Amino acid sequence: MTDRLRIIVAGVALAVCAGATAATGTQAADLAAGEKRYNVNCVNCHGKAGQGMASFPALKGREAAYIAEKLQTYRAREMVGPNSAIMMSLSSDLTDEDIANLAAYIADRFQ
Amino acid sequence: MTMKTSGRTASCVFAMGAAAVMLGTTAMANTNATTMTAEVILTGLQSPWDMALLDDGTMFFTEKCHGLSVRMPTGEVTPLLGMTGTEGYPETADDLFCEGQAGMQGVAIDPNFSENRQIYVYSTSSMTAPGTNRVLRMTVNEDFTGVSDRTDIVEDISYKPEASDQPFGGPGAHNGGRIRFGPEGFLWVTTGDIHGGTVPQSPTELGGKVLRIDTDGNAHPDNAAPEGFDDRIYTYGHRNVQGIAFHPETGAAITAEHGPWHSDEITVLENGGNAGWDPAPNTAGRGDCPSNYCGYEPNQFEGMNRYERAAYMPMTDLESYPDAMVPIWDNNGWSQGTSSAAFLEGSQWGAWEGALVVGIMGIGFGGTPIGQRIDVIELNEDASAVVDVTEMTLPIPSGRFRSVVSGPDGALYVAQDAGTIHKLMP
């Protein structure tokens, strides 16, 4: 698959996911909410494409489960890497739903 | 550089290049603002940290975890010196490594480059345990395809080897890292406090300092730090200086420095001066602090009024150090990651000719406005005070502006952490 195609496919996948969310209501992650939150709380360090920069790690290419697990770990005030303290404080007010939305958004959009 | 090119970035490059053509922006409300245009010079880089340009536009640049490369006036990029674990460079130096904020940082060209072909790079190295920051001098070959004769002219700049209980407390914090030649041909080196409580005021440790040295690493004979200080020290008591530029008229060295959750600073340096940063425990009314570093006290991780912070843990402690150098700008009390500084040169900049520009890299922590921007700071005639501050109306998306460099062509070259170097023209 060419990269361009892959982007289009990802876009379609996104649209489908968004549709699914609307249909089932509660269970599936809300990508739009994840995007909104990401662009307010995360983008300044992890970048517009989740590419990471400076000493802020890349998030792209990660599975949703990986992202969610890391965010839960930070929220529980447990260490991941040596700069965890900042993520602990940033994730302290994330709800389970916020985490699911963010993880879904990051995994879907940042391939 | 082939190792970083993929189909996907290539299509981004195309899109950005096309966009750049049309991106002139007019600032309406500001009489000082000029109509600026932008050109993408490089994209898809790994945390570009600094650039240095020759008169013909040849641009040396560093990437924090990859190494040193050169972009020729044709646009062709040639890797020169890789760090440990990199591929695609003609040579790798296995002692050069990156960790957290540390890695390959500043780059400067010798004023006599046309004769000696020497360049200088600031990088973290494992050659001396447990790691130090160093200034490397190297000779560039005739066709710009390699460097040789590496000599480490400074080997002992403080480096943080272990994690501590601080925000961004991992190893590699606060290295300073900008290197620039001053008007009289000496090399100035900015360093950082490495989250070390006693480092900035230490007479012998080189962290939290500005050094002034010759091209062999020897002290400038006129450096005037107090008795007992390392004679390479020009000023001390700094936190993390990532910007230094020289006033075009007075020649004064002016630094831009990151504040701790408050008070970024611009300071006109005085030979031998103290910048007044002292995060040591049990000083100035403060008690014990996490990992013996009070720099983020009284509250390391939560948002808090910046003026209360500044009163408790000042960037420039004039009570303890009444003779400390008073900053001429404190970013309205905010800390937004003020990094690099340069003077705009040439009449093409109109009213901004001779103004200082600083690159700012905010992260929006704890209620701080993000403020990723370039500020244009006009100084008075003798460069002793700020007259006016204008945010540059950018013809490119904002981002973390790590490096700003005045080019020989009168343009401003700016690097963003996200991986792009642009040329901004008035």
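The structure presented is a predicted model; accordingly, all values stated were derived computationally and were not measured.
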Give, for atom [atom1] of [X] and atom [atom2] of [Y], the distance between the pair rounded to the nearest 0.5 Å.
{"X": "B/Glu302", "Y": "A/Ser92", "atom1": "CD", "atom2": "OG", "value": "6.0 Å"}
{"X": "B/Phe168", "Y": "A/Met87", "atom1": "CZ", "atom2": "CE", "value": "10.5 Å"}
{"X": "B/Gln300", "Y": "A/Ile86", "atom1": "CD", "atom2": "CD1", "value": "9.5 Å"}
{"X": "A/Ser55", "Y": "B/Lys64", "atom1": "OG", "atom2": "NZ", "value": "5.5 Å"}
{"X": "A/Asn44", "Y": "B/Met361", "atom1": "CG", "atom2": "CE", "value": "12.0 Å"}

Identify which of B/Glu162, B/Gln372, B/Arg400 forms the greatest number of heavy-atom pairs closer than 4.5 Å to chain A.
B/Arg400
Heavy-atom distance under 4.5 Å between the side chains of A/Leu90 and B/Phe365, does that happen here?
yes
Do A/Phe56 and B/Asp417 have side chains that approach each other closer than 4.5 Å (heavy atoms only, starting at C-beta)?
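A/Phe56 does not reach B/Asp417 side chain to side chain.
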For the student: nearest non-hydrogen atoms of [X] and [Y], plus distance:
{"X": "B/Ala418", "Y": "A/Met53", "result": "N-SD, 3.8 Å"}
{"X": "A/Asn83", "Y": "B/Gly170", "result": "OD1-N, 2.5 Å"}
{"X": "A/Ala54", "Y": "B/Arg402", "result": "CB-NH2, 3.4 Å"}
{"X": "B/Ile363", "Y": "A/Cys45", "result": "CG2-SG, 3.5 Å"}

For B/Gln416, is it the side chain, the backbone, both, or neither that has a heavy atom closer than 4.5 Å to a heavy atom of chain A?
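B/Gln416 has no heavy atom closer than 4.5 Å to chain A.
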Non-hydrogen atoms of chain A under 4.5 Å away: do they reach the side chain of B/Gln101, the backbone, both or neither?
both
